[in-house]
Number of protein chains: 2
Amino acid sequence: MADAPDTESAPARRGRPGYDREQILAITVQVFNEQGYDATSVAALADRLGLTKAALYHHFDSKEQLLGVALERALGGLEGVLRHPDAAAGPAIDRLEAVVRGAVEVLVAELPSVTLLLRVRGNSAVERAALDRRRAFDQRVTALVRQAQREGSVRTDVSAAVVTRLIFGMVNSLVEWYRPGGAEGAAELAADVLAVALDGIRTAG
Amino acid sequence: MADAPDTESAPARRGRPGYDREQILAITVQVFNEQGYDATSVAALADRLGLTKAALYHHFDSKEQLLGVALERALGGLEGVLRHPDAAAGPAIDRLEAVVRGAVEVLVAELPSVTLLLRVRGNSAVERAALDRRRAFDQRVTALVRQAQREGSVRTDVSAAVVTRLIFGMVNSLVEWYRPGGAEGAAELAADVLAVALDGIRTAG
DNA sequence: GTCTATAAAGAGATAGAC
DNA sequence: GTCTATCTCTTTATAGAC
């Protein structure tokens, strides 16, 4: 992962030493997540890549552009969940389940960029645009919860907005501790979240 | 919960224009939360306070010290929850409920410093010490959940560690959207969290 | 307790050689 | 595609006047 660039066995195009944008982006996002975007200097990034700053600037225009590309990946994935067929028809509670499951899957598949997204504070235009898109996603889910309440499948003693935020509080918190390669995969993780979110942790007895 | 601010039990407040440590700390933590600790320069902080940097350095030794004092407040509060009588005896499920309720109350009472705590990444000794104390808190709660599972009051198809993390994922996410002065207070908020955590969002039907 | 002024280091970004 | 060297601005922090 953080290993040296390919030398001889180039996959497809380049047979040259050095990085391409994709490799640089992957390591960059990892470092952003370790230290925080603001606390990561371009010099530190270049060090981690085994490059100089100037070489890094050959691949990207700015530090902020690196952030923007990573955030686009995360947001694209999440927004795609809402476009999935399972989220488009049927009882609202089932669609909600599909959205939560899809969100967990995206989170696991794009863990680094989603982690970065969830830590964005709005310090620049790029960050504020990302926050806007997060809010829009949230509102779509809240509408789904409200519909499920109307259909009688979700409790109404807690508001739809709060329900949505609590559920995504659980989902989003996964980035704080979930690491791939362990016992649980995306499917098990989603099942756990849905079990707790839908039925709670208390036993019937 | 939080320790006494025994900076000076001394006489004579400064009846002078200007700030004392407490006022500076409050505004500082607020700005740290708005922009992020790393993205906040001491100059920006001083501007917000209507002071110069030099005046601010008269009150505090370093930017990091300001962070440390704020984190101590949040951690002291959370750790106090575990020392509360309601968390010390009785069925584990009841103690767990008391801990969650207490955590929400501390979060609401000390919203700025808890928010700051939850965003710490471990970039310095101060931050790493805070992360260690968070982990210790987490382990205490996980033990409580495990006990509740043994007592048959919490589902066992999800591990105690995951249950704990999901519940505190909900609790901690409150800092992302809860703002005092609205319709809900700490008690209602805690009730909502416990309702969802214990029984889930799905209606029986 | 606050100010102006400045030190010393680090930040993001660029120029031009190879 | 990467390098060395450098520009310019900002950063944390300090010195010393009032």
Side-chain angles (χ1 to χ4, degrees), chain A residues 2-29 31-32 34-70 121 123-127, chain B residues 7-8 10-29 31-32 34-70 121 123-127:
Chain A
D3 207 349
D6 52 336
T7 49
E8 314 290 295
S9 58
R13 310 169 38 218
R14 76 215 166 275
R16 304 287 315 124
Y19 292 97
D20 63 13
R21 285 173 63 102
E22 197 61 29
Q23 296 171 294
I24 286 176
L25 187 65
I27 297 180
T28 293
V29 172
V31 178
F32 281 171
E34 287 171 12
Q35 311 186 350
Y37 172 76
D38 293 300
T40 303
S41 68
V42 176
L45 217 48
D47 276 357
R48 183 71 156 266
L49 286 157
L51 295 176
T52 57
K53 284 192 293 179
L56 182 51
Y57 275 106
H58 174 78
H59 294 279
F60 285 91
D61 294 339
S62 68
K63 182 184 169 185
E64 193 170 3
Q65 187 191 41
L66 282 160
L67 178 65
V69 172
R121 306 299 323 151
N123 283 334
S124 65
V126 165
E127 298 188 23
Chain B
T7 47
E8 333 186 335
R13 271 272 76 85
R14 306 156 188 70
R16 301 287 313 118
Y19 293 97
D20 62 13
R21 285 174 63 102
E22 197 62 28
Q23 295 171 293
I24 287 176
L25 187 66
I27 296 180
T28 293
V29 172
V31 178
F32 282 170
E34 286 170 11
Q35 311 186 349
Y37 172 75
D38 292 300
T40 303
S41 69
V42 177
L45 218 48
D47 276 357
R48 183 72 156 265
L49 286 157
L51 296 176
T52 57
K53 286 189 293 179
L56 183 51
Y57 274 107
H58 174 78
H59 294 279
F60 285 91
D61 294 338
S62 68
K63 183 183 167 184
E64 193 170 3
Q65 186 191 41
L66 283 160
L67 178 65
V69 173
R121 304 300 323 151
N123 283 335
S124 65
V126 165
E127 298 188 23

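Chain A is the first sequence line, chain B the second, and so forth, proteins listed ahead of strands; every chain is numbered from 1.
- Rounding to whole angstrom units, CG of residue B:Asp38 and C1' of D:dT10 are separated by 15 Å.
- Proximity of A:Tyr57 to the phosphate of C:dA13: a side-chain N or O atom is located under 4.0 Å from OP1 or OP2.
- For the pair A:Leu66 CG and C:dA11 P, the interatomic distance rounds to 16 Å; values are reported in whole Å.
- When all heavy atoms are compared, the tightest approach of B:Ala39 to A:Asn123 is CB-ND2, 3.4 Å.
- Rounded to whole Å, the distance from CG on A:Asn123 to P on C:dG12 is 14 Å.
- Between B:Tyr37 and B:Glu64, the shortest heavy-atom distance links the atoms OH-CA, 3.3 Å.
- In this structure, the CG atom of A:Leu45 is 14 Å from the P atom of D:dT2, given to the nearest Å.
- For B:Thr52, taking side-chain heavy atoms from C-beta onward, the closest of the listed nucleotides D:dA13, D:dC3, C:dC3 is C:dC3.
- Taking atom CZ on B:Phe32 and atom C1' on D:dT12, their separation rounds to 12 Å, with Å as the unit.
- Under 4.0 angstrom from either OP1 or OP2 of C:dA11 there lies at least one side-chain N or O belonging to A:Ser41.
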ask   = So A:Phe32 and A:Leu66, side chain to side chain contact (heavy atoms under 4.5 Å, CB included) or not? Walk me through it.
value = CA-CA 10 Å; A:Phe32 281 171; A:Leu66 282 160; 4.3 Å; yes
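- Nearest heavy atoms, B:Ala70 versus B:Val29: CB-CG2, 3.5 Å.
- Closest to the A:Lys53 side chain, of the nucleotides D:dA15, C:dT14, C:dG12, is C:dG12.
- Residue A:Arg21 contributes atom CZ, which lies 14 Å from atom P of D:dT2 at whole-angstrom precision.
- Among residue pairs with one or both ends in residues 35-55 of chain B, those qualifying as salt bridge (Lys or Arg N to Asp or Glu O under 4.0 Å) are B:Glu34-B:Arg48; sequence neighbours excluded.
- In this structure, A:Asp47 atom CG and D:dC3 atom P are separated by 11 Å, rounded to whole Å.
- The side chain of A:His58 contributes no N or O atom lying less than 4.0 Å from OP1 or OP2 of D:dT2.
- If you take CG of B:Leu49 and C1' of C:dT2, they are 13 Å apart, rounded to a whole angstrom.
- At the phosphate of C:dT2, OP1 or OP2 sits under 4.0 Å from a side-chain N or O atom of B:His59.
- Comparing atom distances between the A:Ala55 side chain and each of C:dT4, D:dC3, C:dA13 picks out D:dC3 as nearest.
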